[in-house]
Amino acid sequence: MFCMKYSPKNDTFNIPEKVVDVAKTLENKGFEAYLIGGCVRDLLLGRKPKDWDITTDAVPEEIIKHFPDTFYENDFGTVGVVNKTEDESVRVVEVTPYRLEAKYSNSRHPDSVTFSKNLEDDLKRRDFTINAIALKIIVKDKNGYKGQIVDLYKGQEDIKGHIVRTVGNPEERFAEDALRLLRAARIAVELGFTINIDTSKAIAKLAENLGKIAGERIRDEFSRILMSDRPMVGLELMRDLNLLPEIVPSLQKAIGVTQNKAHSYDVWEHSLRTVQHAAKKGWPLEIRLAALFHDIGKPIARRFSPEKNDWTFHGHDVIGVKIAEKSMGDLKYPNKTIDKVAKLVRWHMFFSDTEQITHSAVRRLVANVGQENVWDLMNLRICDRIGTGRPKEDPYRLRKYRAMVEEVMRDPVTVAMLKIDGNTIMKTASLEPGPKIGFILNALLEEVLDNPKLNTSEYLEKRATQMARMKDRELAELGKKAKDRRNLEEETAVKKIRSKYWVK
Ligand code: ATP
Ligand code: MG
């Protein structure tokens, strides 16, 4: 199984200069400053930290004083030190005073926060042992920075053993802040670690407390599980830890819902396999959410058909939209995300038998799902196929379908793109309505296709007047020739698209 490795070169660390500067500035003013949390954990794993946290015995006012650009907008003492740099991970270095936390009476946040002068107090309030290791930067050598590690809870041992374990008594720690229940699963999935048995038991026991946590906070952790390399493992872990019904109750209902004979997996496993393929392809959150929710209407739509002697799921796409919207709404996903995922869920059943469908059917689908979503819908279909256990993600039929989508979406070459229209031609060249107008438009288009710079109303009006003076037969011939040439160009363009998808 995949796992992050404990880095053997763990005495020298690659720390960005901007981060070192923040720590050294504090130390030069007589304060203590330690790297702390996820960044130290990631350094020990040889992984690039996403962001950098520093903990210190300075209080916010003292921190703010020593840096030119900071912000401080929370109740927890965290000061953001702002750096001007390309490297996103150090643009804001978070500096937080050592904290002592009073009682937690609501499973969400401490009743009050007191700053402390002791690093030990701060390590004690951290969630997991692997996140409670502090690192003091000592000296630079040619490979990076050497440091002194403070590890009061055997975090390094747990990193070596790939274990997520709470600092102190798990039930007490989870009772303080229920978000930690989900953080444990997220961190385990991202790192490929397992959760210690007592920590797991406490999570399963206290899972219901997640109900007290704001949707946004849950969403951020949940999205990270989906965006990890192994969302399938993450979702199974959430189920095993009783977290699933607290986060996506609708998905819990898909467990054990068997499908028709064409499917090897129940709705739950099929959904997970579909998300997993989206992760394998590195596809974005919206596709992963759509993969997770595309069949969420099935448990409700399931009927037994005596004629078919099998289960049917008519309307599960329509029902699924409502359920998916509710689930994502509860998790406070932005409306833009919800709308997009809802469209993908709604249209995921598009009929792709290219022997039977026409371009106008494809055009209708593009109009329904939206041009901006149609390729994501194609990708969702690929995930859906693999999630069903089909061996081929992109068979002839689907490639042919995608070629048809591209054909209906490309801008057709028509006289409408000219900077002149029939009415103007009639006016400027004093012509009556009749076939001549069409001939002139086609001939003008021909010229513009050869030289797009000619597409100005000035030039086209002049040319139209000249053409209007030509003999009828001559003009008809010119117009027809132009049209034939364009038809040929259209055909060539379509052929090119089809060969790109290896279809006829
Ligand atoms: P990553 O940066 O990869 O998201 P992280 O562990 O750094 O992981 P952050 O949310 O950045 O996660 O938190 C920084 C540190 O703050 C954690 O490592 C942990 O020590 C502490 N922490 C964060 N959330 C909690 C919490 N709910 N309870 C206790 N400690 C927490
Ligand atoms: Mg972090």
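For ligands, and for the atoms within them, numbers begin at 1 and follow the listed sequence.
Contacts between Asp127 and ligand 1, counted as non-hydrogen atom pairs separated by less than 4.0 Å, involve both the backbone and the side chain. Of all the heavy atoms of Arg173, none lies under 4.0 Å from any atom of ligand 1, so neither backbone nor side chain is involved. Contacts with ligand 1 closer than 4.0 Å are made by no heavy atom of Leu179, backbone or side chain. Contacts with ligand 1 closer than 4.0 Å are made by no heavy atom of Ile36, backbone or side chain.
For Asp295 and His316, the side-chain atoms include at least one donor-acceptor pair closer than 3.5 Å.
Checked against the Mg ion (ligand 2), the N, O or S atom of Asp51 at the shortest distance is OD1.
What sits closest to atom 2 (O) of ligand 1 on the protein, heavy atoms only, is Asp51 OD1, 3.2 Å. Of the protein's non-hydrogen atoms, Arg126 NH1, 3.2 Å is the one closest to atom 16 (O) of ligand 1.
The residues Lys136 and Glu32 are annotated as not salt-bridged, no charged nitrogen and carboxylate oxygen being separated by less than 4.0 angstrom.
Partner Asp394 forms a salt bridge (Lys or Arg N to Asp or Glu O under 4.0 Å) with one of Lys400, Arg381, Lys281, Arg402 and no other, that one being Arg402.
Across the listed options Arg180, Arg47, Glu221, Arg183, Arg183 owns the non-hydrogen atom lying nearest to atom 9 (P) of ligand 1.
Counting non-hydrogen atoms of neighbouring residues, nucleotides and ligands closer than 6.0 angstrom, the CD atom of Glu208 reaches no more than 12 such neighbours. Taking a 6.0 Å sphere around CD of Glu88, one finds it holds 12 or fewer heavy atoms contributed by other residues, nucleotides or ligands.
Considering CE of Met238 and CG of Leu182, their distance stands at 6.0 Å, rounded to 0.5 Å.
Any N or O atom pair closer than 3.5 Å counts here, and Glu190 shares no such pair with ligand 1.
Using a 30° and 60° split on the angle between ring planes, Phe128 and Phe174 fall in the tilted class, from 30° to 60°.
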